[in-house]
Amino acid sequence: DNLAISVRRATPDDAVALATLVNRAYDVEQFFVDGDRTDPTEIAELTRSGAFLVLEHGQGLAAAIYLERRGDGA
């Protein structure tokens, strides 16, 4: 087993892979939600307003979290 993983900040170039990952994570909603949860355009916008940290494993993305600062932080 190769446990080589890396964590990095996603860029807009990751939008397609991130949208695929997010939509796969929400497959359980298919019985009451019609269509995908998100798309590459929305993900690319989110990379500009916040940050996705992605975990890469092998040749693809294995996990992601989205961070966005809101308010004044007080």
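Worth saying up front: this structure is predicted, and the values here are computed from it rather than measured.
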Peer 1: So how far is it from Y26 OH to D36 CG, rounded to the nearest 0.5 Å?
Peer 2: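 Y26 atom OH to D36 atom CG measures 13.0 Å (nearest 0.5 Å).
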
Peer 1: Identify the heavy atoms of A63 and L21 that sit nearest to each other, and give their distance.
Peer 2: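 Heavy-atom minimum between the residues: C-CD2, 3.8 Å.
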
Peer 1: Give a yes or no on whether a salt bridge exists between R8 and D14, defined as a side-chain N under 4.0 angstrom from a carboxylate O.
Peer 2: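 Yes.
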
Peer 1: Search all heavy atoms of N23 against all heavy atoms of R37 and return the closest pair with its distance.
Peer 2: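 The pair with the smallest heavy-atom distance is OD1-N, 2.9 Å.
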
Peer 1: Can you name the side-chain contact (heavy atoms from CB on, under 4.5 Å) partners of R9, sequence neighbours left out?
Peer 2: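 R9 satisfies side-chain contact (heavy atoms from CB on, under 4.5 Å) with A51, L53 only.
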
Peer 1: Where do L18 and I43 come nearest, in terms of heavy atoms and distance?
Peer 2: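 Looks like CB-CG2, 3.6 Å.
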
Peer 1: Roughly how far, to the nearest 0.5 Å, is CG of L61 from CZ of R24?
Peer 2: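 Answer rounded to 0.5 Å: 10.5 Å.
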
Peer 1: Which pair of non-hydrogen atoms, one from P40 and one from A19, has the smallest distance, and what is that distance?
Peer 2: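 Reported closest heavy-atom pair: N-CB, 3.7 Å.
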
Peer 1: Holding to side-chain contact (heavy atoms from CB on, under 4.5 Å), I want the full list of residues that pass it with Y66, two or more places apart in sequence or in another chain.
Peer 2: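 side-chain contact (heavy atoms from CB on, under 4.5 Å) check on Y66 returns L46, S49, F52, E68.
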
